[in-house]
Amino acid sequence: MSTIFLDVTRLLTRLYDGLLPTGVDRVGLAYIQKYGSRARAVLSERGFSTVLTERDSQQVFAWLLSSIRNRNAIRALVVRACINRLRESRFNGVLFHTSHNGMEFERYYRAMSEREIRPVFMVHDLIPLTHAEYCRPGVDTAHRLRMHTALKHASGLIVNSQATLDSLAAEARHANLPLPPSVVAHLASGVTQRPLASRPLPEPYFVMLGTIEPRKNHWFMLHVWRRLVEQLGTAAPRLVVIGRRGWECENVVDMLERCEILQDVVIEEAHCSDDRLHAYLQHAQALLFPSFVEGYGMPLAEALALNVPVLASNLDVFHEIADDIPDYLDPLDGPGWLARIHAYAQADSPERSAQLKRIEQFREPTWAEHFERVDRFLEMLR
């Protein structure tokens, strides 16, 4: 059987910097759990890459899976990896690269070809190309280069949804580039079942989960909450905003920090542990997911897996994951969101009870199903 290689550059960098895993990082960790026992780790920088020894690979995988952070040990390992690069021989195998970092450098693909390693990349979304207005300036150009370089040189592509594959195929046609062999493999929710935690807040509350950035629509939801407080006063439900502050979100920060009417009602959790996150979700009236666009939407699957109702934007990818289980609304329908939140905040809400009944039909995506598709895809590539 050919060797599996896992590019862990992003994961190791974020561990070194002391950052909590994002959704993309959790995918990379799942690949380590699946293939790590028989895999070699790859580190790269601006397209220059090196393959770690078996011993150092296992050490890195152990650090990443346990979140053990030893900066001196990491630095020493990186130095060894750079020295060992001079003694590399040819390999035979498949590389999984599960983040978008470094996809744009052709030298990366050339080096893998020289090592006889076939690179397979995961594409999480094409949002910088389809909705550049929600991203930092210049990200659209960088992401287009990533996608085009992968379309030209990757041996295969894994996409997280049919919606993402449709966007990728459209971009390939537009750029007159071939679409490499591709497979749709839904992502598992990442939920680890835990015992029911104690309630974190005595009042009814709703949760928004994800990095604060324009496409997540936090600014809109904070205005909905301001109206709720104006209407209900101290009886208004709480809003828990879980996620770090991202880019171009100054208007959201202004609302969080300077809107007095929201100060005792909106709770910001920028550094939320997994245990605390699950406690918040377990007791929430609903997860709110008013995004303008998503490549997948893991929080939706996470909430439904915990039997938590979801109020979500009417996006194709959400229907792909959850069918008609959530209550869907237009992301700009202020009165609609206001009315639905009013309804779900009630202790005996018939709307919420109806969705809880629908959730019984939810078929949670699993990593077992994901990797079954990926393994079949690998056999086809071979």
Side-chain angles (χ1 to χ4, degrees), residues 7 10 23-24 27-28 30-31 94-106 108-110 112-113 117-136 138-188 215 289 291-298 300-301 312-323 328 331 363 365 367 369-382:
D7 191 307
R10 173 187 162 105
V24 169
V27 175
Y31 273 70
V94 173
L95 166 79
F96 286 123
H97 192 302
T98 58
S99 78
H100 290 159
N101 300 47
M103 289 174 68
E104 65 270 31
F105 297 103
E106 292 196 359
Y108 186 90
Y109 300 84
R110 289 197 299 269
M112 293 303 159
S113 177
I117 297 174
R118 298 181 294 284
V120 175
F121 284 81
M122 176 167 284
V123 177
H124 294 270
D125 64 70
L126 278 79
I127 292 170
L129 307 189
T130 60
H131 296 78
E133 65 273 20
Y134 298 132
C135 304
R136 287 167 290 191
V139 171
D140 54 337
T141 300
H143 201 63
R144 181 170 286 107
L145 180 57
R146 288 176 187 145
M147 295 299 109
H148 287 191
T149 307
L151 288 169
K152 292 176 185 175
H153 300 294
S155 297
L157 298 174
I158 302 167
V159 293
N160 55 7
S161 67
Q162 185 61 47
T164 298
L165 181 57
D166 292 344
S167 293
L168 184 63
E171 179 62 25
R173 290 192 299 270
H174 178 74
N176 196 27
L177 292 172
L179 182 66
S182 305
V183 64
V184 175
H186 287 164
L187 306 177
R215 69 182 174 87
F289 213 163
S291 298
F292 290 110
V293 62
E294 290 286 346
Y296 188 68
M298 194 175 288
L300 183 148
S313 295
N314 195 17
L315 302 180
D316 288 344
V317 69
F318 289 170
H319 285 277
E320 181 181 339
I321 298 168
D323 199 25
Y328 294 108
R363 189 172 182 274
W367 285 122
E369 293 169 332
H370 175 93
F371 288 116
E372 183 180 346
R373 283 177 170 266
V374 169
D375 286 341
R376 287 202 304 265
F377 183 61
L378 288 187
E379 288 302 318
M380 184 270 290
L381 289 182
R382 293 190 184 107

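Please read all numbers here as calculations on a predicted model, not as lab measurements.
- Side-chain contact between Tyr108 and Leu95 is present, with heavy atoms from C-beta onward closer than 4.5 Å.
- Annotation for Val317 and Ala163: closest pair CB-CB, 4.0 Å, computed over non-hydrogen atoms.
- For CG of Asp316, the number of neighbouring non-hydrogen atoms (other residues, nucleotides, ligands) closer than 6.0 Å is 12 at most.
- Taking the six-membered ring for Trp and thresholds of 30 and 60 degrees, Phe289 and Phe318 have ring planes inclined between 30 and 60 degrees apart.
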Do any side-chain atoms of residues 177-184 form donor-acceptor pairs under 3.5 angstrom with protein atoms, and if so which ones, sequence neighbours left out?
unit_1: Ser182; atom_1: OG; unit_2: Pro180; atom_2: O; d: 2.8

Checking side chain to side chain contact (heavy atoms under 4.5 Å, CB included) for the pair Val374/Ile158: CA distance, chi angles, key distance, verdict? CA-CA 8 Å; Val374 169; Ile158 302 167; 4.1 Å; yes
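- Here the closest heavy-atom approach between residue Asn314 and residue His319 is recorded as OD1-NE2, 2.6 Å.
- The shortest heavy-atom contact between Arg10 and Val24 is NE-CG1, 3.9 Å.
- Closest approach of Asp125 to Gly295, counting heavy atoms only: CB-CA, 3.7 Å.
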Please test Glu369 against Arg363 for side chain to side chain contact (heavy atoms under 4.5 Å, CB included), starting from the C-alpha separation and ending with a verdict. CA-CA 12 Å; Glu369 293 169 332; Arg363 189 172 182 274; 2.6 Å; yes
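- For Phe96, the ring-ring contact (aromatic ring centres under 6.0 Å, His included) partners are Tyr31, Tyr35, not counting sequence neighbours.
- The side chain to side chain donor-acceptor pair (under 3.5 Å) pairs that include a residue from residues 165-174 are His148-Glu171, Gln162-Asp166, where partners are two or more places apart or lie in different chains.
- Between His186 and His370, the closest heavy-atom pair is O-ND1, 3.0 Å.
- A distance-only check finds no donor-acceptor pair linking the side chain of His143 to the backbone of Leu145 [under 3.5 Å].
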Show, in sequence, the C-alpha distance, side-chain angles and deciding distance for Arg215 and Glu294, and conclude whether the side chain to side chain contact (heavy atoms under 4.5 Å, CB included) test is met. CA-CA 8 Å; Arg215 69 182 174 87; Glu294 290 286 346; 3.1 Å; yes
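- Under 4.0 Å is where a charged nitrogen must lie from a carboxylate oxygen, and between Glu379 and Arg376 no such pair does.
- Heavy-atom minimum distance, Tyr109 versus Ala150: OH-CA, 3.5 Å.
- Using a 4.5 Å heavy-atom threshold, the side chains of Trp367 and Leu187 count as touching.
- Thr149 places no side-chain N or O within donor-acceptor distance of the main-chain N or O of Phe105, the cut-off being under 3.5 Å.
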